[in-house]
Visitor: 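Take this structure first; my questions come after.
Every number for a ligand or one of its atoms is a count from 1 in the order of the listing. Since this is a predicted model, take the numbers as computed values, not measurements. Counting from 1, the numbers follow the sequence of the chain as shown.
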Amino acid sequence: MQEKVISGFSKLDKKAKINWLSSHFLDGDPAVEEQLASFWHQDAALQQVLDGFSENTLSNFPLPFGIAPNFKINGQMYAVPMVIEESSVVAAACSAAKFWLPLSGFHTEVIDTVKLGQLHFRWGGSQERWEALFPELEKMLRLETTHLTANMEKRGGGIKDIKWLRKPEIGADYFQLLVSFQTCDSMGANFINSILEQFGASLKQWAATANGLNQEERQLEVIMAILSNYTPECVVKAWVECEMADMEKTLRTGDDVRHFCHKFETAVNIAYHDPYRAVTHNKGIFNGIDAVVLATANDFRAIEACGHAYAARDGQYRSLSRCTIDGDHFRFELEIPLALGTVVGLTKLHPLAKLSLQILGQPSANELMQVIAAPGLAQNFGALRSLVTTGIQAGHMKMHLQNILIHFGATPAQMEEARAYFEHHTVSFTAVREFLAQYNAVQ
Ligand code: MEV
């Protein structure tokens, strides 16, 4: 066990790291180095950029970078880049985009773009004293962060509001500053965290040096300063709508369109009221959201964490989308918080993220929120459409079959035969293996 512990691993060069890994965890398999090296980028300078994104990098881990064309969003056409490993997601996005194309496409609207951060601290004074001191303290905090906010203010952003609050359940001396920001086209994490840390330092300095404070009021300890990934006021809405009869041409399921729409509405209602269904329903939405978030090198963990918290904002976890049928009018809508950036960080460093933004026409963060919400809604529409008509497995199994055939190294002729055969047979790993063995036997 002890021999598997290492100090200074990060200081080893890449080859030495691989050798150590191989000799301690992979029986010294000489193929490991070759395998990892086969995924290095041929452009060494670019590989160095990729290595720099994280620590202890040994290689790259490729994921498919795909495109979903035909997205009409607010009357403008987009080809949406998507990075995702799950089969059927891009196909479903494409199909939903095409479905809504003749029905005016997707509509979107940014509701607000407020980002948040918190300074958590203990203070020995009373709430009344804090309340009385706060207006002056707020001025001081704003003044002492002007070096950090000046540039953002020039772009129209900056610190919007500073609130203070207490939570006695955390501690009798617990205080919090809840700060709201506008961060324009940047996601704003560094901007927000720097300001909050400066707030902490300024408050500490104030408590230690200000005139007229008693002994208790000199006690101020910063616990932590960090942005909040919960941004319930950085929200975008996307919707599709039409008269039900107008869906007739695009639906093509053979189903009565009204019956389809009402069944669809019930499926969304189930997810609104039942958390077990809501999680899967929202997962489908995030299939579309995360894929574009990743393609533009935004932070999908933050987006997911925030989206799920938002889904539970009234105390019960619910669907992020809603469906209404009013007379003959069908409307399907998604409301989701998306805190995104388009100007700094990985979005500007990762060559494929740069390309994604180029494909999307160099969107502002505001526009990107809208372009990402649409595939989220499209995914949800595609999944529900399958679920309430053919079932999800028919489409999934087609893609699954393709992956299994690739796994077995099937030839194009074998693939064609297999696709025809499995139209009427259940796909499984064993069934495909047996099919190929039989195929080879008779050839
Ligand atoms: C699979 O990745 C996503 C779905 O389960 C979503 C849903 O059930 O709505 C198909």
Visitor: At what distance is the nearest protein heavy atom to atom 3 (C) of ligand 1, and which residue and atom is it?
Guide: N287 ND2, 3.6 Å
Visitor: With the side chain counted from C-beta on, respond yes when L360 and P81 share a heavy-atom pair under 4.5 Å apart, and no when they do not.
Guide: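 Of all side-chain heavy-atom pairs linking P81 with L360, at least one is under 4.5 Å.
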Visitor: Look at atom 9 (O) of ligand 1 and say which protein heavy atom is nearest, naming residue and atom and giving the distance to 0.1 Å.
Guide: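 Residue, atom and distance for the closest contact: R277 NH2, 2.7 Å.
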Visitor: Can you sort out which atoms of ligand 1 are near K283, meaning under 4.0 Å from one of its heavy atoms?
Guide: 1 (C), 2 (O)
Visitor: Please state which protein non-hydrogen atom is closest to atom 10 (C) of ligand 1 and give its distance, to 0.1 Å?
Guide: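 Checking every protein heavy atom, the shortest distance to atom 10 (C) of ligand 1 gives I392 CD1, 3.8 Å.
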Visitor: For ligand 1, which part of L387 has a heavy atom less than 4.0 Å away: the side chain, the backbone, both, or neither?
Guide: side chain
Visitor: What atoms of ligand 1 come within less than 4.0 Å of a heavy atom belonging to G284?
Guide: 6 (C)
Visitor: Which of the numbered atoms in ligand 1 are under 4.0 angstrom from any heavy atom belonging to E86?
Guide: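 Selected atoms, number and element: 1 (C), 2 (O).
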Visitor: Please examine the side chains of I159 and F199, heavy atoms only from C-beta on, and report whether any two atoms are closer than 4.5 Å.
Guide: yes
Visitor: Could you walk me through whether F435 and H425 satisfy the ring-ring contact (aromatic ring centres under 6.0 Å, His included) test, starting with their C-alpha distance in whole Å, then the side-chain angles of each, then the deciding distance to 0.1 Å, before giving a yes or no?
Guide: CA-CA 11 Å; F435 170 85; H425 294 84; 8.7 Å; no
Visitor: Answer whether the closest heavy-atom distance between the side chains of S104 and C242 falls below 4.5 Å.
Guide: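 With C-beta onward as the side chain, the pair stays apart.
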Visitor: Could you walk me through whether N298 and T296 pass the side-chain hydrogen bond (donor to acceptor under 3.5 Å, both in side chains) test, one step at a time?
Guide: CA-CA 6 Å; N298 271 283; T296 55; 3.2 Å; yes
Visitor: State, yes or no, whether a side-chain contact exists between M224 and F121 at a heavy-atom distance under 4.5 Å.
Guide: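 They are not in side-chain contact.
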Visitor: Return the residue, atom name and 0.1 Å-rounded distance of the protein heavy atom closest to atom 6 (C) of ligand 1.
Guide: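 Result: T280 O, 3.5 Å.
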Visitor: Are any non-hydrogen side-chain atoms of L251 and F99 less than 4.5 angstrom apart?
Guide: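 Yes - at least one pair of side-chain heavy atoms lies under 4.5 Å apart.
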Visitor: So for ligand 1, is H281 a polar contact partner (N or O within less than 3.5 Å, distance only)?
Guide: no
